[in-house]
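Since we're looking at a predicted model, the values are computed, not measured.
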Amino acid sequence: LWRRVVDEVHREYSDVELNHFYVDNCAMQIIKNPGQFDIILTNNMFGDILSDESAMITGSIGMLPSASFGGKIGLYEPVHGSAPDIAGKNIANPCGIILSLALLFRYSLNEPTIADAIEEAIKKVLEKGYRTVDIAKEGSNILSTSAMGNCIKNELEEIFAGTRSRLQSKI
């Protein structure tokens, strides 16, 4: 039934490449070549397993956003959901939830410019060597959750300030 429905919907989006995988092969393909995937469509149980595995390929379960669609409303959250074991310690990686916000802007609010800016802000912060403890490497500047969030906010403000300047110069 799953494949039949996916194939039927795919006919409306024939420009999108579609491949069917069994979950064990998909897990292997994620490890072998994660870049081959843009989207993985699966049921909730397999999605939970594959998204946790995918997150660890990035170095931390705290790095990846997720979106669940079913009807008119999307649910956006980091792939790991909550992290009660580190609650209140100010050591969680905020990138996954902030990138989930980028997905919300992109897919539910149709604001790709804002989504791009959020993604760029996180990229710039990471390029400057800022890290939370879960993704720290030698020479990193290790930040708390709130400090990392502030760095991302500051980069985002710079991106939008630059956008405003470019727009004003064209007027």
Is it true that, when you exclude Glu127 itself, more than 12 heavy atoms of the residues, nucleotides or ligands shown sit nearer than 6.0 Å to its CD? yes
According to ring pair (Phe, Tyr, Trp, His ring centres under 6.0 Å), does anything in residues 14-40 pair up with another residue at least two apart or in another chain? List the pairs. Phe21-Phe37
If Ile, Leu, Val, Met, Phe, Trp and Tyr residues are connected whenever their side-chain heavy atoms lie under 4.5 Å apart, and connections chain through other members, are Val6 and Val23 in the same group? no
Which heavy-atom pair separates Gly149 from Pro94 by the least distance, and what is that distance? N-CG, 4.1 Å
Which pair of non-hydrogen atoms, one from Ile118 and one from Leu156, has the smallest distance, and what is that distance? N-CD1, 3.7 Å
Salt bridge (charged side-chain N to carboxylate O under 4.0 Å, His left out) pairs, two or more places apart, involving residues 22-47: none
Do you know the tightest heavy-atom contact between Pro34 and Ile57? CG-CG2, 4.0 Å
Hydrophobic clusters here meaning ILVMFWY residues chained together by side-chain heavy-atom distances under 4.5 Å, can you tell me if Ile40 and Leu75 are in one? no
Met56 CE to Thr58 OG1 distance, which is reported to the nearest 0.5 Å: 7.5 Å
Same apolar cluster: Phe69 and Phe46, side chain cutoff 4.5 Å: no
Looking only at atom types and distance, does a side-chain atom of Glu119 sit under 3.5 Å from a main-chain N or O of Asp116, one as donor and one as acceptor? no
Find out if a path of hydrophobic residues (ILVMFWY) with successive side-chain heavy-atom gaps under 4.5 Å connects Ile142 to Leu126. no
Leu103 and Phe105: side chain to side chain contact (heavy atoms under 4.5 Å, CB included), yes or no, with the steps? CA-CA 5 Å; Leu103 293 178; Phe105 277 108; over 6 Å; no
Asp52 meets the salt bridge (Lys or Arg N to Asp or Glu O under 4.0 Å) criterion, sequence neighbours left out, with none
Looking at Lys123, I want to see if its NZ is surrounded by more than 12 non-hydrogen atoms of other residues, nucleotides or ligands under 6.0 Å. no
Atom CD1 in Ile39, atom CD in Glu17: separation rounded to 0.5 Å? 12.0 Å
Just by distance, do the side chain of Ser60 and the backbone of Gly62 share a donor-acceptor pair under 3.5 Å? yes
Under the side chain to side chain contact (heavy atoms under 4.5 Å, CB included) rule, collect the residues that match up with Ser54, sequence neighbours excluded. Ile30, Leu64
Verify whether one side chain among Ser108 and Tyr76 offers a donor that lies under 3.5 Å from an acceptor in the other. yes
Considering all heavy atoms, the nearest Pro65-Val79 contact: O-CG1, 3.4 Å
Could you report the tightest heavy-atom contact between Pro78 and Ser100, atom names first, then the distance? N-OG, 3.3 Å
Heavy-atom pair of closest approach, residues Met148 and Arg131: CE-CA, 3.8 Å
Between CZ of Arg3 and CG of Leu18, what distance do you get to the nearest 0.5 Å? 9.0 Å
At what distance, to the nearest 0.5 angstrom, does NZ of Lys124 lie from SG of Cys151? 13.5 Å
Determine the sole option in Val133, Thr132, Ile61, Leu143 for which the side chain to side chain contact (heavy atoms under 4.5 Å, CB included) test with Asn93 is passed. Thr132
Atom pair CD/CG of Glu157 and Asn150 - distance to nearest 0.5 Å: 9.5 Å
Starting at CG of Leu50, measure out to CG of Asn43 and round the result to the nearest 0.5 Å. 9.5 Å
Side-chain touch Asn25/Gln29, heavy atoms, less than 4.5 angstrom: yes
Taking Ile97 as the starting point, is it possible to reach Ile114 by hopping between hydrophobic residues whose side chains are less than 4.5 Å apart? yes
What residue pairs, at least two apart or across chains, pass ring pair (Phe, Tyr, Trp, His ring centres under 6.0 Å) with a residue in residues 106-145? none
Side chain to side chain contact (heavy atoms under 4.5 Å, CB included) filter on Leu1, not counting sequence neighbours, yields Arg4, Val5
